[in-house]
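This report concerns only the one structure given below.
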Amino acid sequence: MENKKMTTPIVSVGADTEQSLNVYNNSITDFNEDGKSLDDYLEEMQKEFSKQMSPSYLKTVSMSELYDTVFNVQTPLIDGLLQRGTYIFAGSPKVGKSFMMAQLAYHISTGTPLWGYKVRKSTVLYFALEDDYPRLQKRLFKMFGAEETDNLYFATQCKTLNEGLDEQIKGFMEEHSDTGLIILSTH
C-alpha cells in the first residue's frame with residue numbers, strides 16, 4: 001500500500017473541512033467593452049437590430065472583412081459531382097428520377113464510389129412521397145440485391161411545411177448528426 005501512488009489526495013467533502021472563500025470584484029453591472037457602459041452597449045445593439053429590420057437593409061461585407069474571415073471548408077458528398085446544398089432534380093415523368101435518387105442515396109449511405117467518383121459516407125433521409133414501403137422494397141431489391149445499409153432511411157409520409165416538416169427534419173438530424181443528404185421526392 002505504501003508503494004502505491006495516488007493521483008489525488010483523499011479529502012473529506014463533509015462539514016469538517018473549510019471551503020475556500022473566493023472574492024470576485026466584478027459583476028454584470030461593471031460591463032465594459034471598449035470603455036462602453038452596459039447601457040451604451042445595449043443601446044447600440046438595439047440600433048443595429050432596428051437597422052436590420054428595415055426593409056431597405058442590405059447586409060454587406062467588405063473585401064477586407066471577407067479576407068479576414070476563416071470559413072469551414074464544406075467537403076463534397078461526392079467528389080467532383082455533388083456538393084452539399086439545395087438542388088432541384090426535375091424531368092419528365094417515368095424517365096428514372098426516383099431510380100437516380102435511390103442510386104445517390106444508397107452510394108452516399110454506404111460510402112461506395114459512384115461512377116468512379118469518391119463518395120463520403122453519411123446518413124441519408126429519403127422522403128419517397130409517391131411510394132409505399134412494399135414498392136420501395138421491391139425497387140431497392142432490384143437495384144441493390146440483398147446488400148443493405150443502416151444509414152439510409154425512408155419516409156413515405158410527412159407533414160407539410162405549414163404543419164411542421166421542418167421540425168420533423170430537425171428532429172431526424174438531431175438523432176442522426178451525420179446526415180449528409182435529404183431527398184424529397186414528391187408526387
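The first residue of the sequence shown is numbered 1, and numbering continues consecutively from there. Computed from a predicted model, the values in this text were never measured in an experiment.
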Using the ring of each side chain (for Trp, its six-membered ring), is Y153 parallel, tilted or perpendicular to F172, with breaks at 30° and 60°?
-> perpendicular
OG of S98 to CG of D131: how many Å apart, nearest 0.5 Å?
-> 6.0 Å
Check: K97 side chain, S92 main-chain N or O, donor-acceptor pair, under 3.5 Å | yes
Enter the distance from K138:NZ to K142:NZ here, rounded to the nearest 0.5 Å.
-> 5.0 Å
Whether Q52 side chain and F49 backbone form a donor-acceptor pair below 3.5 Å = no
Would you say I182 and L184 are hydrophobically clustered, going by side-chain heavy atoms of ILVMFWY under 4.5 Å?
-> yes
Sub-4.5 Å side-chain heavy-atom contact between I108 and N151 | no
Does the pair T156 and E130 meet the rule for a side chain to side chain donor-acceptor pair (under 3.5 Å), with working shown?
-> CA-CA 7 Å; T156 59; E130 63 183 6; over 6 Å; no
Regarding T75 and Q83, is there a side-chain donor-to-acceptor distance under 3.5 Å anywhere?
-> no
Polar side-chain atom of T179 near backbone of H176 as donor-acceptor pair, under 3.5 Å = yes
Check whether any side-chain heavy atom of F127 lies under 4.5 Å from a side-chain heavy atom of I169, and answer yes or no.
-> yes
Return yes if some donor-acceptor pair links the side-chain N/O of R120 with the main-chain N/O of P76 below 3.5 Å, else return no.
-> yes
Can you tell me how far CZ of F144 sits from OG1 of T110, rounded to the nearest 0.5 angstrom?
-> 8.0 Å
In Å, rounded to the nearest 0.5 Å, how long is the span from OG1 of T149 to NE2 of H107?
-> 11.5 Å
Greater than 12 external heavy atoms within 6.0 Å of F89's CZ | yes
Report yes or no: do I78 and Y87 belong to one cluster of Ile/Leu/Val/Met/Phe/Trp/Tyr joined by side chain heavy-atom distances under 4.5 Å?
-> yes
Taking atom types as modelled, is there a side-chain donor on S64 or S62 under 3.5 Å from an acceptor on the other?
-> no
State yes or no: do V119 and F99 share one hydrophobic cluster built from I, L, V, M, F, W and Y residues joined by side-chain heavy-atom distances below 4.5 Å, directly or via other members?
-> yes
Give the C-alpha distance, both sets of side-chain angles, the deciding distance and a yes or no for side chain to side chain contact (heavy atoms under 4.5 Å, CB included) between E65 and D68.
-> CA-CA 5 Å; E65 291 171 319; D68 289 341; 5.7 Å; no
If you measure only the distance, is there a donor-acceptor pair under 3.5 Å linking the side chains of T123 and D178?
-> yes
What are the two closest heavy atoms between A102 and L140, and how far apart are they?
-> CB-CD2, 4.3 Å
CE of M173 to OG of S177, rounded to nearest 0.5 Å, is 9.0 Å
Separation between CG of L82 and CG of L181, rounded to the nearest 0.5 Å | 6.5 Å
Of the non-hydrogen atoms in L129 and A155, which two are nearest, and what is the gap between them?
-> CD2-O, 4.2 Å
Same cluster or not: are Y126 and L77 linked, directly or through other Ile, Leu, Val, Met, Phe, Trp or Tyr residues, by side-chain heavy atoms under 4.5 angstrom apart?
-> yes
Step through the shown structure and confirm whether more than 12 heavy atoms of other residues, nucleotides or ligands are within 6.0 Å of CD on E48.
-> yes
Carboxylate-amine/guanidinium contact K47 E43, below 4.0 Å = yes
Taking Q168 for its side chain and K159 for its backbone only, find out whether a donor-acceptor pair lies under 3.5 Å.
-> yes
Going only through I, L, V, M, F, W and Y residues with side-chain contacts under 4.5 Å, is there a path from L114 to Y106?
-> yes
Determine whether more than 12 heavy atoms belonging to other residues, nucleotides or ligands lie under 6.0 Å from atom CG of D150.
-> no
List the atom of W115, the atom of M100, and the distance in Å for their closest heavy-atom pair.
-> CH2-CE, 3.5 Å
Looking only at heavy atoms, what is the nearest atom pair of S109 and V124, with distance?
-> N-CG2, 3.9 Å
Are F141 and E147 side-chain neighbours, meaning at least one heavy-atom pair lies under 4.5 Å?
-> no
